[in-house]
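Read through the structure below, which is laid out as structure tokens, and then see the notes.
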Amino acid sequence: MLNVKRVVLRSRPGKNGIPVPENFRVDEVLESSELKEGQVFVRTLFLSVDPYMRCRMNDDTGAEYLLPWRLEECVDGGGVGVVEASKNQSLSVGAVVTSFKWPWQTYSVMDGSLLQEVDPEMADGHLSYVLGALGMPGLTALLGVREKGHVTPGSHQTMVISGAAGACGSIAGQIGRLDGCERVVGICGSDQKCQTLVTELGFTAGINYKKGDISSALREHCPAGIDVYFDNVGGAISDAVISLMNPGGHVILCGQISQYNKDLPYPPPLSEETQETLHRKNITRERFVVLNYMEKHAEGLTQLSHWVKTGQIKVLETVVNGIENMGEAFCSMMTGGNIGKQVVKISD
Ligand code: NDP
């Protein structure tokens, strides 16, 4: 038996509530490391906190592919770790593995069928990247741009990204640049984030939505209008962007985080004015879900890994230490405390 720390969901914030770290609790439990055929014993290295988890805090997630977390049970999500004992023929001791169903525990017994082996070389040794640039957020950025963005090299397009300094947004903007957009403008929540977008990630400009008028800043930085909009946030920011889009433009409907603490269906309804603009200007706005493109994930990861290893994509991360801080890290990410991907380091 081994003493294991785990995070359970203590309470739900309510569909219209703001999540707080106290919604979670850290317990110490005794876990047996005895394995059945097919199982492995894993040590957790890094855990991910992601916006979709806000829906899992409700008793009804609103999405058929997402189950709610259960009260007083161990929470799960994206994780990466190392196999310490194995009764699974395909996973040997020392293998680095990842899963979308990783329990928020320091150590776990897991069924091998829930795990994918990771080649640490693909992440240039940075195993946390498997939860960010070289995982679900990176694929969301790449496939979102490629499947819904209609970026055409040489056609002088302007791309705008909201939530631009976050896990998906920071990669999406860099891909927009690599794929040939002439201008890539990011919207995010602080001057420091704006500066990082421009000086470190090669964005054309950054706009702090908490300061000044977004529409006039967009007009200044997008003199030829907006052709492609990678939308992570929705709400008033998206209304302002869409009102300045060119006819025939494309909205990549990735996420709507500004509305996640409201009891609304997904995607949340648009204002009549924005709806009218989309219609009048023949702008596409198709919902994008990364899990609908599983067959493109392997190739996508190879592309992302190449860009990261060759320095064409720069990866930003905010790393917090310790399983005790999972709830804090989640709430911080939901309110913009992160730059790049928010991860929690559980062990070395
Ligand atoms: P981020 O790393 O971008 O973290 C969330 C960010 O959202 C915060 O850092 C904060 O940055 C911003 N934010 C929070 N509240 C607001 C608000 N009211 N208005 C504007 N910005 C806000 O998270 P991810 O990159 O993991 O996710 C980004 C989006 O992509 C989410 O909407 C998520 O649901 C979606 N997503 C969609 C997927 C799909 O398949 N469609 C897959 C993965 C993610 P700031 O300081 O700028 O406010």
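In each ligand, atom 1 is the first atom listed, and ligand 1 is the first ligand listed.
The protein atom (non-hydrogen) at minimum distance from atom 28 (C) of ligand 1 is N232 OD1, 3.7 Å. In this structure, atom 14 (C) of ligand 1 lies nearest to the protein heavy atom M334 O, 3.2 Å. Of the protein's non-hydrogen atoms, Y209 OH, 2.5 Å is the one closest to atom 48 (O) of ligand 1. The protein heavy atom nearest to atom 6 (C) of ligand 1 is M333 O, 4.0 Å. For atom 34 (O) of ligand 1, the closest non-hydrogen atom of the protein is Y260 OH, 2.7 Å. In terms of protein heavy-atom proximity, atom 10 (C) of ligand 1 is closest to G336 CA, 3.5 Å. Remark: minimum distance from atom 3 (O) of ligand 1 to any protein heavy atom is reached at G166 CA, 3.2 Å. If you check which protein heavy atom lies closest to atom 43 (C) of ligand 1, you get M136 SD, 3.4 Å.
The aromatic rings of F24 and F330 sit perpendicular, their planes meeting at an angle over 60°, well past the 30° parallel limit. Using bins of under 30°, 30° to 60° and over 60° for the plane-to-plane angle, the ring pair W104/W69 lands in the perpendicular bin.
No donor-acceptor pair closer than 3.5 Å links the side chain of D76 to the backbone N or O of W102.
Neither the backbone nor the side chain of Q342 has any atom closer than 4.0 Å to an atom of ligand 1 (non-hydrogen atoms only). Of all the heavy atoms of V290, the ones lying under 4.0 Å from any atom of ligand 1 are found in both the backbone and the side chain. Contact annotation: for K193 versus ligand 1, heavy atoms closer than 4.0 Å belong to the side chain alone. Contacts of P51 with ligand 1, taken as heavy-atom pairs under 4.0 Å, involve the side chain alone. The proximity of T335 to ligand 1, defined as any non-hydrogen pair under 4.0 Å, does not occur for either the backbone or the side chain.
Between C168 and ligand 1, an N or O atom pair is found at a separation short of 3.5 Å. For A167, a nitrogen or oxygen atom sits less than 3.5 Å from a nitrogen or oxygen atom of ligand 1, counting backbone and side chain alike. Considering backbone and side-chain N/O atoms, S258 never comes within less than 3.5 Å of an N/O atom of ligand 1. Residue F288 places at least one N or O, backbone or side chain, under 3.5 Å from an N or O of ligand 1.
Listed by atom number, the atoms of ligand 1 under 4.0 Å from C188 heavy atoms are 47 (O). Listed by number with element, the atoms of ligand 1 under 4.0 Å from a non-hydrogen atom of V233 are 20 (C), 21 (N). Here is the list of ligand 1 atoms found below 4.0 Å of a heavy atom in I237: 20 (C). In the vicinity of Q256, heavy-atom distances shorter than 4.0 Å reach the ligand 1 atoms 32 (O).
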Exercise for review: Evaluate the salt bridge (Lys or Arg N to Asp or Glu O under 4.0 Å) criterion for residues K210 and D191: first the C-alpha distance (whole Å), next the side-chain angles of each, then the deciding distance (0.1 Å), finally the verdict.
Suggested key: CA-CA 9 Å; K210 293 183 180 164; D191 287 347; over 6 Å; no
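Residues Y52 and Y260 keep their aromatic ring centres 6.0 Å or farther apart.
A donor and an acceptor atom, one from each side chain of E299 and T302, are nowhere located under 3.5 Å apart.
Rounding to the nearest 0.5 angstrom, the gap separating the CD1 atom in I242 from the NZ atom in K281 is 10.0 Å. The distance from atom CG of L139 to atom CD of Q303, rounded to the nearest 0.5 Å, is 11.0 Å.
For the pair D59 and K15, the salt-bridge criterion is not met [side-chain N within less than 4.0 Å of a carboxylate O]. Under a 4.0 Å N-O distance rule, the pair R6/E28 does not qualify as a salt bridge. Between K5 and D27 there is no salt bridge, since none of the side-chain N atoms of the basic residue sits less than 4.0 Å from a carboxylate O of the acidic one.
Just one residue in the list I161, L316, L304 forms a side-chain contact (heavy atoms from CB on, under 4.5 Å) with I171, and that residue is L304.
In E276, the CD atom is crowded: over 12 heavy atoms of neighbouring residues, nucleotides or ligands sit closer than 6.0 Å. Surrounding CD of Q195 are at most 12 heavy atoms belonging to other residues, nucleotides or ligands under 6.0 Å away. More than 12 heavy-atom neighbours from other residues, nucleotides or ligands sit within 6.0 angstrom of CD on Q312.
Nearest to atom 47 (O) of ligand 1 by heavy atom, out of G337, G189, A236, is G189. When N292, N261, D231, I257 are ranked by how near their heavy atoms come to atom 13 (N) of ligand 1, first place goes to I257. When the heavy-atom distances from atom 37 (C) of ligand 1 to C254, S332, G255 are ranked, the shortest goes to C254. With I339, N338, T140 as candidates, the residue nearest to atom 4 (O) of ligand 1 on a non-hydrogen basis is N338.
Put simply, no part of A165 is less than 4.0 Å from ligand 1, judged by heavy atoms.
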